[in-house]
Each structure stands twice: as C-alpha cells, then as structure tokens.
Amino acid sequence: VIVYDHQGKEVRRFKPHSGIPVNDMSTDDSGDWIATCANDGRVVITTTFARESAEFPQQEKGLRCVALDPAYKLRNSKPFVSGGAGQKLVFSTKGWFSTKDTVLYQNEGTITRVAWCGPLIAWANDRGVKVHDLSLGQKITNIHRPASNLRPDLYQCSLVWETGVRLLIAWANTVTIAQVKDTTQEQRDSCLPARCMEITSMFMTDYTVCGIRPLDAERLVLVAYPRSDD
C-alpha cells in the first residue's frame with residue numbers, strides 16, 4: 001500500500017499482508033484510517049501516517065472486500081464489514097477483549113464488493129447488489145445482476161455511494177443508478193421495509209467498465225477498456 005498526499009508526495013509505503021496481494025482497501029471519512037484485506041483471511045486496519053495498526057483474523061480465507069464505517073475514527077466500537085469466498089457478509093466491532101463478529105447475510109455467493117455510507121451497506125455477489133440498512137436492521141433492496149453471458153467472476157461489479165441515498169453500480173458494460181426512498185404506509189402494511197431503493201437510470205456502454213466514481217452532480221468518471229470482441 002502506497003499513501004500519497006494531495007501534492008503527489010509519497011508519505012508512507014507498507015505491506016500489511018506479508019507479500020500476499022491486497023484484494024481491497026477502504027478509508028474512513030477522516031482519511032486517518034486504512035483497512036485492507038487479502039486471501040490470508042485477515043483484515044488489517046492501520047493509521048494513515050503513523051505506525052499504529054491492528055489485525056483481525058476472520059473466520060474464512062479468501063477475503064475479497066472490506067469497508068470501514070465512514071465515521072470509524074469517532075466510533076468507540078470501531079466497526080467494519082468484510083466478505084469474500086466464504087459467502088458471508090460479516091459486521092465486526094471491537095469488544096472488551098476481542099472482536100465481535102455478526103454475520104449479516106450468507107450463502108448467496110462470493111461477495112466481491114462492499115460500500116458503506118451512513119447506515120447503508122451495499123454489497124455485490126454473483127447474483128446482484130444488495131443493500132442493508134443498519135438503522136432498520138434489515139435488507140432494503142435486491143438489484144439483480146444485468147442479464148449477460150459474461151462470466152461474473154471475470155466481469156465484477158464496482159460500487160460507490162455518490163451521496164447518502166444514491167448508489168452508483170457498474171457491471172461489465174452496464175451502469176445503474178439507484179436511489180433510496182421512503183415507502184408509503186400502504187407498502188409498509190404489505191411487509192415492505194420503511195425504506196427501499198428504486199433504479200432511476202440505467203444505460204449500456206460499448207466498453208467494459210471496471211470502475212465508477214462521481215465527477216459532479218451531472219457527470220460520472222468511468223474506468224473502462226475496449227471489449228475483446230471490438
């Protein structure tokens with residue numbers, strides 16, 4: 001892991017997983033904490049500029065993704081979430097003597113991406129994208145993977161929260177934008193949660209998208225490459 005400041009100066013370089021490639025990394029909103037995960041089954045959380053760090057062995061090998069609570073620096077419980085080949089989305093907090101792990105969801109396929117914003121945790125597996133609302137204690141949406149003959153293990157999902165209620169999803173050659181909304185009383189009477197998500201925009205590209213970020217209120221930045229059949 002290499003850390004640069006805003007002037008492009010390298011401020012730190014370290015290897016949190018002893019020669020094993022890092023599969024994913026996450027920072028909190030303060031930028032003071034970095035979490036990484038790898039196939040060794042460990043989550044390593046370290047300060048950005050100092051040498052303070054902690055290791056959290058998870059119950060499975062092959063961790064593919066990790067996300068810190070955006071307010072990690074301010075939380076006494078130091079929460080983070082992780083997932084991977086073990087098909088478990090694990091919510092972890094700091095206890096008195098050890099880490100407390102809670103399995104939020106499991107047995108829905110390898111978890112490849114996770115993104116956290118406020119009380120909302122979005123994650124992706126081979127079937128699609130799900131969102132869990134911590135304030136409600138339940139899943140509020142299930143967005144299916146776009147219909148395609150492309151292998152999901154090769155063309156993986158990219159997730160990012162643009163705002164606290166707007167989720168950007170890129171999968172192979174499809175970009176989807178979903179928005180959180182409150183449900184009506186009639187919908188809640190029909191056993192729907194107090195909040196759900198609806199797809200507000202979806203479009204296809206002529207290339208394969210492997211990364212997505214918001215640029216401003218109207219534009220997106222896509223990291224992409226030409227499709228092999230071009």
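We use all heavy atoms of the structure for the numbers below, so side chains are in, but hydrogens, waters and symmetry mates are not. Each residue takes its place number in the sequence, starting with 1.
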Given 3.5 Å as the limit, does a donor-acceptor pair link the side chain of [X] with the main chain of [Y], or not?
{"X": "D24", "Y": "V66", "answer": "yes"}
{"X": "R113", "Y": "C157", "answer": "yes"}
{"X": "R13", "Y": "I2", "answer": "no"}
{"X": "R42", "Y": "T36", "answer": "no"}
{"X": "S30", "Y": "D32", "answer": "yes"}
{"X": "T47", "Y": "W33", "answer": "no"}
{"X": "T174", "Y": "A170", "answer": "no"}
{"X": "W171", "Y": "S158", "answer": "no"}
{"X": "T99", "Y": "K94", "answer": "no"}

Roughly how far, to the nearest 0.5 Å, is [atom2] of [Y] from [atom1] of [X]?
{"X": "S82", "Y": "F91", "atom1": "OG", "atom2": "CZ", "answer": "11.0 Å"}
{"X": "T48", "Y": "I34", "atom1": "OG1", "atom2": "CD1", "answer": "4.0 Å"}
{"X": "T176", "Y": "L168", "atom1": "OG1", "atom2": "CG", "answer": "10.0 Å"}
{"X": "C210", "Y": "Y225", "atom1": "SG", "atom2": "OH", "answer": "6.5 Å"}
{"X": "N125", "Y": "Q87", "atom1": "CG", "atom2": "CD", "answer": "8.5 Å"}
{"X": "I199", "Y": "Q179", "atom1": "CD1", "atom2": "CD", "answer": "12.5 Å"}

Hey, is [atom1] on [X] packed in by over 12 heavy atoms from elsewhere, all under 6.0 Å?
{"X": "E10", "atom1": "CD", "value": "yes"}
{"X": "R12", "atom1": "CZ", "value": "yes"}
{"X": "N76", "atom1": "CG", "value": "no"}

What closest approach, in Å, do [X] and [Y] show between heavy atoms, and which atom pair accounts for it?
{"X": "Y155", "Y": "A172", "result": "CB-CB, 4.0 Å"}
{"X": "G118", "Y": "P70", "result": "N-CG, 4.0 Å"}
{"X": "P119", "Y": "S135", "result": "CB-N, 4.0 Å"}
{"X": "S26", "Y": "A67", "result": "OG-CA, 3.5 Å"}
{"X": "A194", "Y": "R188", "result": "CA-CD, 3.7 Å"}
{"X": "W161", "Y": "A115", "result": "NE1-O, 3.2 Å"}

Any side-chain heavy atom of [X] sitting closer than 4.5 Å to one from [Y]?
{"X": "P214", "Y": "V160", "answer": "yes"}
{"X": "N39", "Y": "L63", "answer": "no"}
{"X": "V175", "Y": "I169", "answer": "no"}
{"X": "T102", "Y": "K100", "answer": "yes"}
{"X": "L167", "Y": "V129", "answer": "yes"}
{"X": "K130", "Y": "E108", "answer": "yes"}
{"X": "D69", "Y": "W116", "answer": "yes"}
{"X": "K181", "Y": "C196", "answer": "yes"}

Among T183, D133, T141, which residue meets the side-chain hydrogen bond (donor to acceptor under 3.5 Å, both in side chains) test with R195?
D133
Is there a chain of hydrophobic side chains (I, L, V, M, F, W, Y, each step under 4.5 Å between heavy atoms) that links [X] to [Y]?
{"X": "Y207", "Y": "I212", "answer": "yes"}
{"X": "V103", "Y": "I111", "answer": "no"}
{"X": "V44", "Y": "L68", "answer": "no"}
{"X": "I143", "Y": "V165", "answer": "yes"}
{"X": "V209", "Y": "L220", "answer": "yes"}

Could you give me the CA-CA distance, side-chain angles and deciding distance for Q106 and L89, then say whether side-chain contact (heavy atoms from CB on, under 4.5 Å) is met?
CA-CA 6 Å; Q106 61 183 331; L89 182 70; over 6 Å; no
Take I45 and Y72 through the side-chain contact (heavy atoms from CB on, under 4.5 Å) test and state the conclusion after the steps.
CA-CA 11 Å; I45 301 177; Y72 183 88; 3.6 Å; yes
Assess whether side-chain contact (heavy atoms from CB on, under 4.5 Å) is satisfied between T110 and R64, documenting all intermediate values.
CA-CA 8 Å; T110 298; R64 301 285 294 277; 3.5 Å; yes
Could you walk me through whether L134 and H132 pass the side-chain contact (heavy atoms from CB on, under 4.5 Å) check?
CA-CA 6 Å; L134 292 172; H132 179 89; 3.7 Å; yes
For residues N173 and T205, is any side-chain donor paired with an opposing acceptor at under 3.5 Å?
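No, T205 and N173 have no side-chain donor paired with an acceptor closer than 3.5 Å.
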Looking at Y105, I'd like to know if the NZ or CZ of K139 sits under 6.0 Å from its six-membered ring centre while staying within 45 degrees of the ring's axis.
yes
Salt bridge (Lys or Arg N to Asp or Glu O under 4.0 Å) partners for D28, two or more places apart:
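Result, salt bridge (Lys or Arg N to Asp or Glu O under 4.0 Å) vs D28: none returned.
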